[in-house]
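Lettering of chains follows the sequences in order, A, B, ..., and the numbering in each one begins at 1. Here the structure is a predicted model, which means the values were calculated and not measured.
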Amino acid sequence: MLIEGTGFALSIVVYLYLMSLAPSWPLNAAPPDLLAGTSLTALLVASLVPNLFLARWARNQNLLKVRVGLIVMSLLGIAPLILRAFEFPAMHIKWDQNAYGSIVWVMLGLHTTHILTDLIETLVLTCLMFSRHGDNGRRFGDVSDNAMYWNFVVVTWLPMYACLYWVPRL
Amino acid sequence: MRTARPLLLSVIIAVAPGCSGNQSALNPHGAPAIHVEHLIIGTVAACTAVWILVMVILGLALLRRRRAAADSAKSEARLTMTVVAAVVATGVIIAGLTIASFYTTRSIGGPESAALTITVRGQQWWWQIFYASSGATPGFQTANEIHIPLGEDVNIRLESADVIHSFWVPSLAGKQDLVPGRSNSLLLRAEKPGVYRGQCAEFCGLQHSHMAIVVIAEAPVDYERWAAAQRGDAMVPADPDAAAGQAAFLAKPCAACHTVRGTPANGTTGPDLTHIGARQTIGAGLLETTRGSLAAWIADPQTLKPGNNMPMVPLTSVELQNISAYMESLK
Amino acid sequence: MTREDDSELRDTALEATELDRRLTATWATPPGLWGALSTVDHKIIGRRYITTAVVFLALGGLLSLLMRLQLAQPEARFIGPDRYNQIFSIHGTNMMFLFAVPVMQAMAVYLVPLMVGTRSIAFPRLNAFSYWMYLAGGLLLWIAFMLDAGPDVGWFAYVPLSGPEYAAGKRADIWAQMITFTEVSALAVAVEIVVTVFKQRAPGMSLDRIPLFVWSMLVTSFLVILAMPAIMIASTALILDRLVETHFFNPAEGGDVLLWQHLFWFFGHPEVYIIFLPAVGMVSTIVATFTRRPVFGYLGMVMALISTGVLALGLWVHHMFVAGLPRLGESFFTASSMAIAIPAGLQIFCWLATIWAGRPIFKTPFLFVIGFMVIFVIGGLTGVMVASVPFDTQVHDTYFVVAHFHYVLVGGAVFPLLGAIYYWFPKFTGRMMSETLGRWVFGLIFAGFNLTFFPMHILGLRGMPRRIYTYQPEMPWSGLNMLISLSAIILAVGFLLFFIDAIRSGRSGAPAPSNPWGASTLEWATSSPPPPYNFARTPVVGSLEPLSDNPDMLPVAAGLRVDCRELLVTSVVEAIPEAREPSSGDSIWPLWAALATTATLIWSIFTPWAVVWGSIPVAIALIGWFWPKGTSEDDS
Amino acid sequence: MSDLPASPSGRAALMAVALVAASAAFVAANVARDNHTQAAVAKTMTGGDPERAPEIFRRYGCSGCHTIPGIPGADGQTGAPLTGLSKRVYIAGVLENNSDNLVAWIVSPRSFSPQTAMPATGISQQEAKDLAAYLYAQ
Amino acid sequence: MGTESVTEKANVNPASALMVAGLLLLISSGGVFGWLRQARELRLDPPGVSDLDRFRLMQNGISGTPPESYFALGKVYESDAYNLSQGKRLYSWFGCAACHADGRGGIGPSFLDGWWLYGPEMVSIVASIRDGRPHGMPAFRDKMTIEQIWQLAGYVQTIGSYTPKVAAPSRNDDKHTRPAENRGPAKILFDEGPAGVHADQGPSP
């Protein structure tokens, strides 16, 4: 996570660097529409609540609750992807139009990859918890690691959200 | 100790002036380069002293006679003191060198004071050079050769047409990159008349090795005479070979890439050839400008400088003769 | 967790031979091809890693001989510009990404678990995966070179020369994608080492008792983790620019050419320390052993390691002094670049003090350390020179810099590495290398190196730029170039002799005892070569030099299971035992995962859709990797 | 199939031989491919058959005056060596190097360079094409 | 004796067999790589260049056959990345954009719309560039060498191709006006296919 955190931080640095060179920012585009991104942010922040519960249940090795929590988190992993699909057009620019478009798409893409990775992991864990391998200390450990990772995905989004949606409005 | 001798040798080379040809940081003839040379000599001397000192200590540590049982606590304390002192000394030397470096940077100064500005545009793999117009006197374009008046600050504006190059004439100044999308500048000032060779220092592709530039520093009168000649159109060829050469030049692909002012040839891809016969070199320092090397270059540029952007134009033997005669006549 | 029953056989219950038999049954790699492909034993993987890296060293060395052949005379026609550009690009890329960084990490993969007294590295399957990725990246580069598709844009791949407009074909993409391979493997190893050092140290090995080599690898791993994402971002941006026309480096659309240099050198400068810091650890280890005393100023050394690591992240701009950046920034980076000389100086002085106070024994590993001191100090001092902006404007991108970084990297890393190989060879193979040949190897390499690289300083000052495939006969460089090329032969003979010695000793050298040098760190507490389980019982550490304190009987901790792979987890600071943790068993899935990733990455040079379709097999392989097999390791 | 040498040094030697063999195969295949391409281009350009050339070179005395690679006894010192002819810019310093000019030159050199010492050998057009194909294929 | 050696041969050590297989693989891959390797040609042989002029065109100026040596060279002007990117540079150096813009056309016809007045074959494009065409396309016979014309033609064909070539060059460091060649701009911008008859763009074939 330190690696990915550095990656996210560097992408923000690149964004700000390109901004510092540009005569106007965003370059030849309107600032992004707030709706999709903001509701995604709200959704991600809200998803922290069940996620924290899930982490606690996993620590307590409560199989039933963990199963429910994982299903909820799977759904909460899919929902942001749907919203994300609306975020790309909300940027009013494509990756191949100029450097602003490039960095914006790469940042969104980078974060989407993380949501996707965590979602797949959550789905696999959900299957596992319903299989005979489920009730096992190690699996519960995996679940809390996964919950931890989701926290990371959500927390790193916040500076990126600020950067993508609010910096162009400054 | 095996390396001590070459190291000292280099110091001797550094101190002995004028023995390294005309493309050398150790043979400076321009104010910026002279300042840097002083810094180089000073730093190398200081560092050599440090190195010798460390080596002497290493030698002693390795070979010294050991007493049977030393008072370990006392000697440890003494060692600690020594190491701390050495680190402090390192800090002091480093600080001294940093200050010397800042001082040199300051004394070189920026190109703000310059009266004359020359724009150098890096191209794969040659230098396009613009002398700006001033008032009524029109500007002109040339390639691979800069003339500057002696003892005057000259601002070299550095731009690139394609990839990153680096302008480096070590006898006059340090190097500076030519970065696409940006514009850099560099101060040149020659203290002694002469022909100073420089070379692209940033890897720029296939013919990075053959991308030389010549800076000619001459008395202001000579410089003005040269500039006046450069502003003029190309000479009309007098002898029949050259005249036929001009006709061939215009009929063949040559004119599509090269400009010869005063003729219909106005291509902009290759170097301006209006006064090529007066330049010292062709092919960006590849060969001396003679009838023979002109012919060799025109006949087969891809063997002389593989990968460069001048194609091999099929010419009959007579056309080749004539065009090279024409080129030579463009003084 | 203290329950004792028949199904959980512990090492407390068994006497030595039976313990050895049972532990071997649990930890050993099964024979045959399948076993070799699915092993996760850090020693086997470490040896593989080292061998592969040394093969790449030899290949890179051959390229440098080709370059010297071409440069021996002016306007030589032996190699044309196109091939020469590929050769020097691959030489640099190969030496940095396929030799220097991996070989240092490989030494750590082998040694760190032994030095901290544990049974295996953390995340052993990730370790296997990282090796396969590294191998695939290396093969990609070299096969591309054989097909005349080798990168020709330098190891630094500056845009726009490497960008979509000026680098035709797939050469630059292959460079950028090869970076991804080595990044993935380097980052994986870095994570393994950090976790191994933090959580798996032997009981009692508190932070102030960690061997210096382990400290150096810890700092190195953090540097890898912090610096490598920059090049990952940079190379991804480059591929995107080339493949799907993003505009990161296109000035006409708001991109910037210098952005590449910032990102590249933000990684590229720490890279030097990623290579050099492990060497500091090696030198410290060898100095301690061959002067018969602990390294002077342990705390100072650790602080120097950490501060070098921190400073390394803050001086990348000194590679860009002539790119036309604001002068104030340049001054700052001059100061910080100069400042790094202070921790480096501290290290040198500590070693000198150690030698001064100790009783040196002039065996081959120690000879290499002496050579290191002589050469590296020159490299460091020339580093101080190029840290000065005005000085650098004259020598940047000239042979002076070529000389400088070969003094730093060969002097500062290859010499210690060769010493380290002579030093640890008995542990790796159970056989000693030849002392006689070793002296010849040292003498030839030392003399050959200095004769080859010292004159390059002078060439640089006399105006010879780097990366030129030839020079004109009018330039006054041909004499020195001929000397350099001839000296390179001496250097090559030295290396050849080293390879011969290593191969010969590995097959028929004198058998080595457990601790041939009388060293004091834990890797010497087990047999040479170590058994698959490293230590029959986990050692307990009471000082910085556990073997000097108790040369005969090392105290041990017991209680680990012997019927499945299990190791001891300890606390970060004091190394107090916390829990028993299972360690993953052999698996073929890391290989499948590496193959799927390789296919995806190479395919993605050609179309972006490869990332979408290729992620499916990658995901399948990863699920297969982590899916529990119902074995005891999975379930405890 | 015989068993491999059991001794370590034997295996190392085998490995070394295999590496050398692989490098040799690499170089040989590369050279073969280049030659193949070059020969194919030469044939299509000239419309001649290089197979017939060696005999023609000897019959018309070409090999007496020129050094020609691959032709037995062709080490003549009177005319210029004909190695790497396809890379030349001019034929005899007079004609642009292309297949028509080369054939024409071989048939009647005097018509292009009156002072040349090269005789009109009475060679036929098709024979000259065969020679051109051979020379360009080198 | 005999039986002994037979049994020995029958029980080949699997490790040895593996090693032999590995060595054979090594040697054969050496050969394969050697055969596949194709060095970048910076200077074509002069007679080869001159032969490029000898393509045959149909009477109506549309389509024809390239010189046979072109096939012997492996159709390098269509498939070789270096030649294509050289062609791209020539496109800007020789001012093609003045009439054809970024490939969309202007005064001259578009390359992207899938409509080739004289067909998409290399020889047609080469002939158009070399000899010019009615309605304003000038002849470049005296401005470019024949090798440059082939390079340029390969590039022009690439811009208008509906299946993007792997070897195609990517964008320039210029303003973005259309998708880059390696992404198949014709396909992206004119996915509906050939755009019907262009009465305004000269004679239809």
Side-chain angles (χ1 to χ4, degrees), chain B residues 2-3 6 10 13-14 20-21 23-26 35-36 39-40 43-44 47 50-51 54-55 57-58 61-62 66 75 79 82-83 86-87 90-91 94 97-98 101-102 104-105 108 162-164 166 170 174-177 179-182 184 199 201-209 306-307, chain C residues 80-82 85 154 158 160-161 166 251 256-258 296-297 322-324 331 334-335 338-339 341-342 345-346 348-350 352-353 355-357 359-360 370 373-374 377-378 381 384-385 388-391 393-394 396-398 447 450 454 457-458 461-463 465 467-471 475-476:
Chain B
R2 234 170 290 204
T3 48
S10 84
I13 289 170
S20 323
Q23 181 177 317
S24 169
L26 302 178
H35 287 299
V36 178
L39 180 73
I40 291 177
T43 315
V44 170
C47 290
V50 169
W51 184 77
V54 173
M55 288 308 110
I57 296 170
L58 175 66
L62 287 170
R66 263 118 186 130
S75 68
L79 271 180
T82 317
V83 168
V87 172
T90 312
I94 291 298
L97 292 176
T98 310
S101 162
F102 291 160
T104 308
T105 308
I108 289 173
D162 37 50
V163 301
I164 303 178
S166 193
K175 63 181 73 61
Q176 189 78 10
D177 286 354
V179 182
R182 289 175 176 244
N184 286 337
Q199 193 165 353
E202 184 61 82
F203 176 61
C204 57
L206 285 169
Q207 280 302 333
H208 169 55
S209 313
Chain C
D82 189 46
N85 290 351
Y158 274 9
L161 189 62
Y166 297 99
D256 184 38
V257 167
L258 293 186
F296 178 86
V322 299
S331 304
T334 292
M338 293 247 182
I342 294 174
L346 175 63
I348 298 277
F349 300 136
C350 283
L352 284 175
I355 298 172
W356 186 277
R359 293 166 188 286
I370 298 172
M373 297 269 214
V374 176
V377 173
I378 295 181
L381 290 168
V384 168
M385 298 177 193
S388 149
V389 175
F391 198 121
T393 58
Q394 283 289 20
H396 182 82
D397 275 336
T398 69
N450 282 301
F454 196 86
H457 291 112
I458 301 163
L461 285 170
R462 293 174 73 184
R467 299 159 188 151
I468 52 174
Y469 80 100
T470 192
Y471 49 92
M475 307 313 291

Checklist line | Residue list, salt bridge (charged side-chain N to carboxylate O under 4.0 Å, His left out) with B:R182, at least two apart or on another chain | finding: C:D256
For [X], is it the side chain, the backbone, both or neither that has a heavy atom under 4.5 Å from a heavy atom of chain C?
X      : result
B:V87  : both
B:D177 : both
B:F102 : side chain

Next item on the list: State whether the side chain of C:D397 and the backbone N or O of B:F203 hold a donor-acceptor pair below 3.5 Å, judged by distance alone.
Entry: no
Note to self: Whether the side chain of B:S209 engages the backbone of C:Y469 through a donor-acceptor N/O pair (distance < 3.5 Å, no angle test) should be reported.
What the structure shows: yes
Side chain, backbone, both or neither of [X] within contact of chain B (heavy atoms, under 4.5 Å):
X      : result
C:Y158 : side chain
C:V257 : side chain
C:P251 : side chain

Item checked: Heavy-atom pair with the smallest gap, counting every atom of B:T43 and C:F391 -> CB-CE1, 4.0 Å
Notebook entry, point to check: What is the minimum heavy-atom distance between B:V36 and C:P390, and which atoms define it?
Noted result: CG1-O, 3.4 Å
Checklist line | Atom pair CD1 (C:I458) and OG (B:S24), whose distance is rounded to the nearest 0.5 Å | finding: 11.0 Å
Checklist line | Between B:G91, B:P170, B:G307, the one whose heavy-atom pairs under 4.5 Å with chain C are most numerous | finding: B:P170
Notebook entry, point to check: Side chains of C:M373 and B:V54: closer than 4.5 Å at any heavy-atom pair?
Noted result: no
Notebook entry, point to check: Among all residues two or more places apart in sequence or in another chain, which pass the side-chain contact (heavy atoms from CB on, under 4.5 Å) test with C:A357?
Noted result: B:L79, C:R293
Next item on the list: Could you give me the CA-CA distance, side-chain angles and deciding distance for C:T398 and B:K175, then say whether side chain to side chain contact (heavy atoms under 4.5 Å, CB included) is met?
Entry: CA-CA 11 Å; C:T398 69; B:K175 63 181 73 61; 3.9 Å; yes
